[in-house]
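A quick write-up on the structure given underneath.
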Amino acid sequence: MPGILEVKAIEPAALSPQGAADYLSISKRAVSILIADEVLIARKAGARTLVDFASVKAYYASLPRVTVHASIPNAPQVRR
C-alpha cells in the first residue's frame with residue numbers, strides 16, 4: 001500500500017560486555033568467562049570490548065530447554 005511507512009528493526013553488530021550480560025540475563029563476569037572460553041566472540045575497538053551479537057544469539061540458542069512437569073497439589077510424589 002503506497003504511503004505506509006515500514007519500520008525495520010536493525011540488529012546491532014556488537015554489544016558491550018554489559019549489554020551482552022543484560023541481553024542474556026547473566027553477570028558481566030559470566031560474559032567475561034564465556035569470552036575467555038571462546039564461546040562468545042569479542043573484538044577490541046581501541047579500549048572498548050565489543051561482543052559479537054551473532055555469537056550471543058548462537059550461545060542463547062544452544063542452551064537446553066527447560067521442561068517442567070506439572071504437579072497436582074496434594075498428590076503423592078512419584079520418584080523417577
message: If you define the side chain from C-beta out and look only at heavy atoms, does anything of Leu15 sit under 4.5 Å from Leu50?
response: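 Not touching, per the 4.5 Å side-chain cut-off.
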
Can you name the nearest heavy-atom pair linking [X] to [Y], along with the distance?
X     : Y     : result
Leu34 : Ile26 : CD1-CD1, 3.9 Å
Ala42 : Thr49 : CB-CG2, 4.0 Å
Lys28 : Pro17 : CE-CB, 4.2 Å

First locate atom [atom1] of [X], then atom [atom2] of [Y], and finally report the distance between them rounded to the nearest 0.5 Å.
X     : Y     : atom1 : atom2 : answer
Glu38 : Ser55 : CD    : OG    : 11.5 Å
Leu40 : Ile33 : CG    : CD1   : 11.0 Å
Ser16 : Asp22 : OG    : CG    : 7.5 Å

message: If hydrophobic clusters are built from ILVMFWY residues whose side chains come within less than 4.5 Å, do Ile41 and Val39 share one?
response: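 Unlinked, Ile41 and Val39 end up in two clusters.
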
task: For this output row, return yes or no: ring centroids of Tyr60 and Tyr23 closer than 6.0 angstrom.
output: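 Not close enough - the centres of the two rings lie 6.0 Å or further apart.
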
message: If you count heavy atoms of other groups shown closer than 6.0 angstrom to CZ of Phe53, is the number above 12?
response: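 It does: Phe53 CZ has more than 12 such atoms within range.
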
